[in-house]
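Note sheet for the following structure.
Note on naming: letters A, B, ... go to the chains in the order of the sequence lines (proteins, then strands), and numbering restarts at 1 for each one.
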Amino acid sequence: RKMAEAVQNHVKSLNWGHRVQLQDRKVKYFNIKASFVDEHTVCGVAKGGKEILLSADHIIIATGGRPRYPTHIEGALEYGITSDDIFWLKESPGKTLVVGASYVALECAGFLTGIGLDTTVMIRSIPLRGFDQQMSSMVIEHMESHGTQFLRGCAPSRVSRLPDGHLQVTWEDRTTGKEDTGTFDTVLWAIGRVPDTRSLNLEKAGVDTSPDTQKILVDSREGTSVPHIYAIGDVVEGRPELTPTAIMAGRLLVQRLFGGSSDLMDYDNVPTTVFTPLEYGCVGLSEEEAVARHGQEHVEVYHAHYKPLEFTVAGRDASQCYVKMVCLREPPQLVLGLHFLGPNAGEVTQGFALGIKCGASYEQVMRTVGIHPTCSEEVVKLRISKRSGLDPTVTGCG
Amino acid sequence: VKELFSSLGVECNVLELDQVDDGAKIQEVLSEITNQKTVPNVFVNKVHVGGCDQTFQAYQSGLLQKLLQEDSAYDYDLIIVGGGSGGLSCAKEAAILGKKVMVLDFVVPSPQGTSWGLGGTCVNVGCIPKKLMHQAALLGQALCDSRKFGWEYDQQVKHNWETMTKAIQNHISSLNWGYRLSLREKAVAYVNSYGEFVEHHKIKATNKKGQETYYTAAQFVIATGERPRYLGIQGDKEYCITSDDLFSLPYCPGKTLVVGASYVALECAGFLAGFGLDVTVMVRSILLRGFDQEMAEKVGSYMEQHGVKFLRKFIPVMIQQLEKGSPGKLKVLAKSTEGTETIEGVYNTVLLAIGRDSCTRKIGLEKIGVKINEKSGKIPVNDVEQTSVPYVCAVGDILEGKPELTPVAIQSGKLLARRLFGASLEKCDYINVPTTVFTPLEYGCCGLAEEKAIEVYKKENLEIYHTLFWPLEWTVAGRENNTCYAKIICNKLDHDRVIGFHILGPNAGEVTQGFAAAMKCGLTKQLLDDTIGIHPTCGEVFTTLEITKSSGLDVTQKGCG
């Protein structure tokens, strides 16, 4: 409760900060749910019930996404919660079942376990779809050896409430076909996010969406099928769903519209970090993507199992502390992707993302002197290739 | 030179560069590998002797004759004096290349009697125990923060010095052991003896018991490193400790005076204060000489705000013991550097951290003619780490003009072995070497300090971007905003190339490393702007830098994005 309150207070201060910033820059802020009337007009109902109509030369859609509910599962909506709710709970969620294998699912399960709650993650097939799978399985391994329980290959079929108030979940083990049940205080759905584009009445403006995902289709200038209507952020089809990309896309779009710029957004090599108990930072291609694109013979992967100095005296298990750099095999061995599993992965990865932006080669990274003692120096000390078959465990100094 | 060799009865292989087609190209490569552009260029048994003058000098000193002896006349291909970061790295690499290698490592006990095992300063009395103690202090801070995040516990949390040092020393012992094992696995001979040159190619090794043994080698590498300097005042060696002693001190140091303003002084003062000890730092003039002074002052100011006392512009003149004990009580008399004011203070421990001196004066270098800088004790070398004597190279902290850092020593040691024995031409790249000062608020940097950049490039050719920032983890913890700081220095005449990178904040080392690699690849401001940040982190702040120093705008922070 104390933690939630502190977190919520900070978030509220940020809400306030945003309102002040908009005010300072004379941006009019309407707290209304808008939808299209025609291609230059939107309407919405304000809190008092009054209908407001707004027209504009340019319209930017940035409505983002919301967590998906598995509406085909009985009881999912009534009894389950999502990430929209978990950060605002007034009471501890208690024994929790997290359904999903997204970074949202794993990150939530991670910190819930960390604060001492009995947490189980139910995964239908693979963890962290779209991410490097070797790294993803190590993320899970670490969580498993630190108290999070996993139900792999299972899918829930029903959620009901027991007389004592607890929730009963029924699921099917997809490999055996058997059914099983479990009792939990909270069920957290983390099975993906969907854009709420239907309520925007996009057809009234003529804006096209993807029939599969409902996301808005745009070109490289963030333009939709209607010339003066644009879309940015999570609502857009085929873009990384990350805050910094949305921020940058928004900024560049406005500079193109009103600042005379022609700079387009570069969605390649966008770095990101999964904030699971053992953090996973990555930039560029996964190993499987690199092999798919260039062929195994043209890819060289350098890797190392390392031990953070802080883990030594603390006696912590560093089995999953691992880093790998995926490169082209031909000299100078251009770096295609970097994957780092360890403490402060975000801080480690950021600078190397810059390196990749500069077209770093393996040789250049190896000529960079390490900062000692840190975890990030392990990246510039990567010498053992997967191809060599040698043991990638590295020890301490040099 | 030809006549000289003929008079010695030595048959030479002569390559006349003006008689071959690619003579000019050969001369170029020779210049690259030997730093000599002229001919004759003389090599004897794989050792580069030099031109005419040097060949005759070598003949006069007897060195030439020694070199002319067949390899089997030497006990070893390579003897390395000093088993620290540089020495061990060089030894291992040379052994991998199939050479017969010996490492001589010996620790002369400190005035307080402290000694340690194989591995050098970094492992035993430097980076490793320092970072572990820094981490111990950070954990103390984290405990304070934890209550704000909902962790509840009743006990008052205190720190046990003995528990910590025991655990740290255990880890260090495992590292010492690991090194010995590693040397054995690679068939490197390790002798725990003090090495001194007695004549060309010959070294005397004296062990703890005083027994002397002699060894010879074709090549030598000096990697003897440094030891802490003393003040040279009454009571300093008897009563003061240094970093040599601090990390294995069997009792809590108590109320401590740290003399010095080096990173060693500030890091030690920082973690001692973090354990709840009463700490004062006595500074003669400026903090962190050689580092960016704006950042240095911020480092110091954060420490001051968190309880470390600073006595600026004072130097100690006398140390007296008031009480014996573990710790005892010491009285320190100090004098102002700007007048006649004197002050007195009583402390349990006085830690001297005023600099380090090279261990080059008592290893017989004069006997074989290896020149050292008489004032600093450091050894000047060329860009292939060769000393004034061709078969003697040097690596590590004793090198003149090179950064005193473990990774630099490791890298240069490795490359040196590859050049000596592996036919490699690669030299160590000393440009844009990143480093981090592990003070309570960490400072990471790569490239030039602001004042140095202004000196080299002139203010009008530079654009400096900067910002204050508030790490997300500090918000809920209620820790101060507008203290963490990031700045980059860009060269306007070269596409806004980033020539200086500075960050003051948590995990500064982890943040800085990747940017150092990017700088190696020619990082510019545009590339920073084009790169997406990872959110939420501290490092992402560099991808959204907007405000320049020249604009004079305020960098104070309010919110998110």
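No side-chain heavy atom of Ile371(A) sits under 4.5 Å from any side-chain heavy atom of Leu405(B). Side chains of His10(A) and Leu472(B) form a contact here, defined as non-hydrogen atoms less than 4.5 Å apart.
Within a 6.0 Å sphere centred on CD of Gln23(A), heavy atoms belonging to other residues, nucleotides or ligands number 12 at most. For Arg497(B), the CZ atom is densely surrounded, since the number of other residues' heavy atoms within 6.0 Å is greater than 12. At most 12 non-hydrogen atoms from other residues, nucleotides or ligands lie less than 6.0 angstrom from CZ of Arg19(A). The environment of Leu390(A) atom CG is dense: over 12 non-hydrogen atoms of other residues, nucleotides or ligands sit within 6.0 angstrom. Around atom CZ of Arg221(A), no more than 12 heavy atoms belonging to other residues, nucleotides or ligands sit under 6.0 Å away.
Of all heavy-atom pairs spanning Glu540(B) and Gln350(A), the tightest one is CA-OE1, 3.2 Å. Across all their heavy atoms, Thr544(B) and Arg251(A) have their closest contact at CG2-NH1, 4.4 Å. Contact between Asp429(B) and Arg367(A) at its shortest, heavy atoms only, is OD2-NE, 3.5 Å. The two residues Thr312(A) and His171(B) make their nearest non-hydrogen contact at CG2-CE1, 3.2 Å. Between Val476(B) and Ala6(A), the closest heavy-atom pair is CG1-CB, 3.6 Å. Closest of all the heavy-atom pairs between His372(A) and Phe438(B) is O-CE1, 3.9 Å.
When each of Glu347(A), Arg1(A), Met3(A) is scored by its heavy-atom pairs under 4.5 Å with chain B, the top score falls to Glu347(A). When Gly355(A), Cys375(A), Ala353(A), Ala360(A) are compared by the number of non-hydrogen pairs under 4.5 Å with chain B, Cys375(A) comes out ahead. In terms of heavy-atom pairs under 4.5 angstrom with chain B, the leader among Pro271(A), Gly346(A), Gly281(A) is Pro271(A). The candidate with the highest count of non-hydrogen atom pairs below 4.5 Å against chain B, out of Trp16(A), Phe352(A), Tyr267(A), is Phe352(A). Among Ile356(A), Asn344(A), Thr368(A), the residue making the largest number of heavy-atom pairs under 4.5 Å with chain B is Thr368(A).
With sequence neighbours excluded, the residues forming a ring pair (Phe, Tyr, Trp, His ring centres under 6.0 Å) with Tyr362(A) are Tyr302(A), listed by chain and number.
For Lys520(B), the parts sitting under 4.5 Å from any heavy atom of chain A are the backbone and the side chain alike. For chain A, no part of Pro506(B) is nearby; none of its heavy atoms comes within less than 4.5 Å. Both the backbone and the side chain of Val348(A) come within contact range of chain B, each with at least one heavy atom under 4.5 Å from a heavy atom of that chain. Both the backbone and the side chain of Thr436(B) come within contact range of chain A, judged by heavy atoms closer than 4.5 Å. With a 4.5 Å cut-off on non-hydrogen atoms, Met265(A) touches chain B through its side chain but not through its backbone. Interface remark: Ile115(A) contributes backbone and side-chain atoms alike to the contact with chain B (heavy atom separation under 4.5 Å). Of the atoms belonging to Asn170(B), not a single heavy atom falls under 4.5 Å from chain A. Heavy atoms of Ser13(A) lying under 4.5 Å from chain B are absent altogether.
Within the model, atoms SG of Cys358(A) and CE of Met519(B) stand 10.5 Å from one another, a figure rounded to the nearest 0.5 Å. Taken from CG in Leu309(A) to CG in Leu132(B), the straight-line distance is 4.0 Å, to the nearest 0.5 Å. With rounding to the nearest 0.5 Å, the separation of CD in Gln411(B) from CE in Met366(A) is 9.5 Å. Asp530(B) contributes atom CG, which lies 12.0 Å from atom CG of Asp268(A) (distance to the nearest 0.5 angstrom).
Under the 4.0 Å criterion applied to side-chain N and carboxylate O atoms, Glu152(B) and Lys2(A) are not assigned as salt-bridge partners.
Among Asn269(A), Thr245(A), Val283(A), Asp266(A), the one residue that satisfies the side chain to side chain contact (heavy atoms under 4.5 Å, CB included) test with Ile532(B) is Thr245(A). Among Leu523(B), Leu528(B), Thr543(B), Thr531(B), the one residue that satisfies the side chain to side chain contact (heavy atoms under 4.5 Å, CB included) test with Lys357(A) is Thr531(B).
Residues in residues 274-285 of chain A take part in these side chain to side chain donor-acceptor pair (under 3.5 Å) pairs, two or more places apart or across chains: Tyr280(A)-His339(A).
Remark: the backbone N or O of Ala518(B) is not paired with any side-chain donor or acceptor of Gln364(A) at under 3.5 angstrom.
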